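What follows is a set of notes on a single structure, which appears directly below.
Just so we're clear, the structure is a prediction, and the values are computed from it rather than from any experiment. Counting starts at 1 for both ligands and their atoms, following the listed order.
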Amino acid sequence: MPNFEQQLDRYAELIVKIGLNLQAGQRLLVGGPVFNSLAPLAAAPLVRLVAIHAYQAGARLVDVMWSDEQLQRIRFQHAPRDSFAEHARWTVEGALEYARRGDALLVISAQDPDLLKDQDQELVDEVQQTAFRLAAPMYDYVTRNAVNWLVASAAVPGWAAKLFPGLDPETQVARLWDVLFDICRVNRPDPVAAWQTHVRQLVARSDYLNHKQYTALKLTGPGTDLTVGLPHGHVWRSGRVTSQSGISFTPNLPTEEVFTLPHKEQTEGVVTTTKPLSYGGNVIERFSLTFAGGRVVKINAANGEALLRGLIGTDEGAGRLGEVALVPHSSPISQTGLLFYNILLDENAANHVALGRAYKFTFQGGEALSNDEFAAVGGNDSLVHVDFMIGSGEMDVDGLTADGTTEPLMRRGEWAFEL
Ligand code: ZN
Ligand code: ZN
């Protein structure tokens, strides 16, 4: 078993080689203003190792945009109440400088889910929406895969404390690193080879589904009876994508999902979450959404309903689906039995759908479509993209073919077709 320093180094290597597949001559920006994630100060030891591996891979320059979570809380405690739409443009402008050159982007997703729990939710919402609006041009680069980008995680104190209450702070962070190394396959004899095999299997699943071109998916489970129409020409994607500049990369570490494009007007029925949703520094517990004609027409939440209504009311597309994803219940993340309060990890533990923006690369030739053309084929547009978990060991998924027959895709949360 490698020691901590070796594990952290292997993880940094996976980030550079498997996640980003950083190419000689590229620059690397760590911590972009997308996914609400500048690089947390506590992740500095990891970021330094990433920089070493990046330069070894031929990077010309590694730059970092740091952030300190505590400063967010200080703002909510001390800033004038009418100032929460205030937002500087330089982080977005700075990140765009990299994106326009075709440089790589690493986002480190590691937040204390309770950071803003006790703050005024309307102000939290205002800050979130302002950030989304300003970062829209960066989201555009990322969703078109214009550059090779990656979201990976790191153990930081506030988050570790939430996951492992009752341990002393140092042990909490160490425990979270152990879990992250485990689910990122860092302790396999050859982690890079293990990831190459895993990604090949995911690609084989998505190839099978692409061949089928189902007209809809039917998802059933406790509290869920949902039909999600799929536009003709939808493309199933998985761990491996190719950037517009031709670099093959893995945008999420870890990744366990295959996902595609729902038709924004063809979701019908009711869906109930199986895990809480961590959103805007808050946790929205179990909720149900009813869809008609693709749009949310009824909202029910055990708590956090105001925040959920705020999210869905962001714009016209925030009440429609932009992603549907399948993840076996036996995935290593699901096996931990932990709720991570972090979308990168939790979305890879269960079947999920996302409210808001769809990815153009989940439609054939979608990257070349204008927003209007993408909307015309059924692609949803919104300032937000928020995944929530609906899968469990009790969920069945079927594919509906053009001639009206159904084929089993998942039974009791596990794949039900052979490759
Ligand atoms: Zn997903
Ligand atoms: Zn998503």
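- In summary, Glu305 and Arg309 engage in a salt bridge, as defined by a charged side-chain N under 4.0 Å from a carboxylate O.
- Seen from the Zn ion (ligand 1), atom NE2 on His352 and atom OE1 on Glu257 lie at an angle near 90° (rounded to 10 degrees).
- The side chain to side chain donor-acceptor pair (under 3.5 Å) test applied to Arg144 returns Asp140, Gln244, not counting sequence neighbours.
- Comment: Glu93 does not engage Arg89 in a salt bridge, judged by the lack of any side-chain N to carboxylate O separation of less than 4.0 angstrom.
- Among the atoms of Glu347, an N, O or S atom is found under 2.8 Å from the Zn ion (ligand 1).
- If you put the vertex on the Zn ion (ligand 2), OD2 of Asp387 and OE1 of Glu323 sit 90° apart, to the nearest 10°.
- In this structure, the side chains of Val34 and Trp149 stay at 4.5 Å or more apart for every pair of heavy atoms.
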